[in-house]
Amino acid sequence: MTHTARRIGRSLALVLPVVLVLSGTLAVTMVPWADNTPSQILTASAEDVSVPAKPRAAQDVLRDKLLGELQQGEAPGDVLTHLQQEVDRRPSLAEHCAGIARALGRAAVDVYGPTKAQSFARPVCDTAYATGVASMG
């Protein structure tokens with residue numbers, strides 16, 4: 001009897017971990033987070049999720065921050081002042097200043113319209129802001 005019990009124990013020791021792993025995997029392949037619509041179901045995948053996100057470039061972070069200020073109602077003149085202050089503080093951003101100012105000009109047109117947006121133009125990064133306004137107007 002001891003021999004049979006030992007054989008069953010060994011079989012369970014080999015099979016049980018496999019069964020547990022498979023049942024756990026199947027249990028998490030579909031997890032309804034909010035409801036059962038297909039867009040709300042998270043499915044498990046074999047992708048490598050341990051890859052860190054790429055760091056964003058300083059100019060992209062600054063552009064997004066300044067565009068956010070503009071969209072939250074800050075006057076374009078004040079946002080351009082913030083851009084100039086950042087470029088003065090970090091000279092490495094100078095080569096991106098014109099691109100950021102153009103993006104601010106385009107965004108100001110969306111918020112204020114071309115005529116009012118143009119009234120905020122100032123000589124930050126040459127005439128890049130005004131160029132951005134003109135490209136949208």
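Every heavy atom of this structure was used, including side-chain atoms; hydrogens, water molecules and symmetry mates were not.
- Sorted by first then second residue, the ring-ring contact (aromatic ring centres under 6.0 Å, His included) pairs that include residues 95-122, not counting sequence neighbours, are Y112-F120.
- For T131, the side chain to side chain contact (heavy atoms under 4.5 Å, CB included) criterion is met by R102, T127, not counting sequence neighbours.
- Annotation: side-chain hydrogen bond (donor to acceptor under 3.5 Å, both in side chains) contacts involving residues 72-83, sequence neighbours excluded, comprise E69-H82, T81-R122.
- A single hydrophobic cluster is not seen to contain both V61 and L67; linkage of ILVMFWY side chains at heavy-atom distances under 4.5 Å, directly or through other members, places them apart.
- Atoms NZ and CD, on K116 and Q118 in that order, are 13.5 Å from each other to the nearest 0.5 Å.
- Counting only heavy atoms from C-beta outward, the side chains of R106 and D110 never approach each other to under 4.5 Å.
- Closest approach of V109 to A117, counting heavy atoms only: N-CB, 3.8 Å.
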Chi angles and distances behind the side chain to side chain contact (heavy atoms under 4.5 Å, CB included) call for L83, L93 = CA-CA 10 Å; L83 172 59; L93 292 171; over 6 Å; no
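- Counting all heavy atoms, side chain and backbone alike, A121 lies closest to A130 at CB-CB, 4.4 Å.
- To the nearest 0.5 Å, atoms SG (C97) and CD (Q84) are separated by 6.0 Å.
- The shortest non-hydrogen separation linking L70 to A107 is CD2-CB, 3.5 Å.
- A distance of 4.5 Å separates CG of D64 from CZ of R56, quoted to the nearest 0.5 Å.
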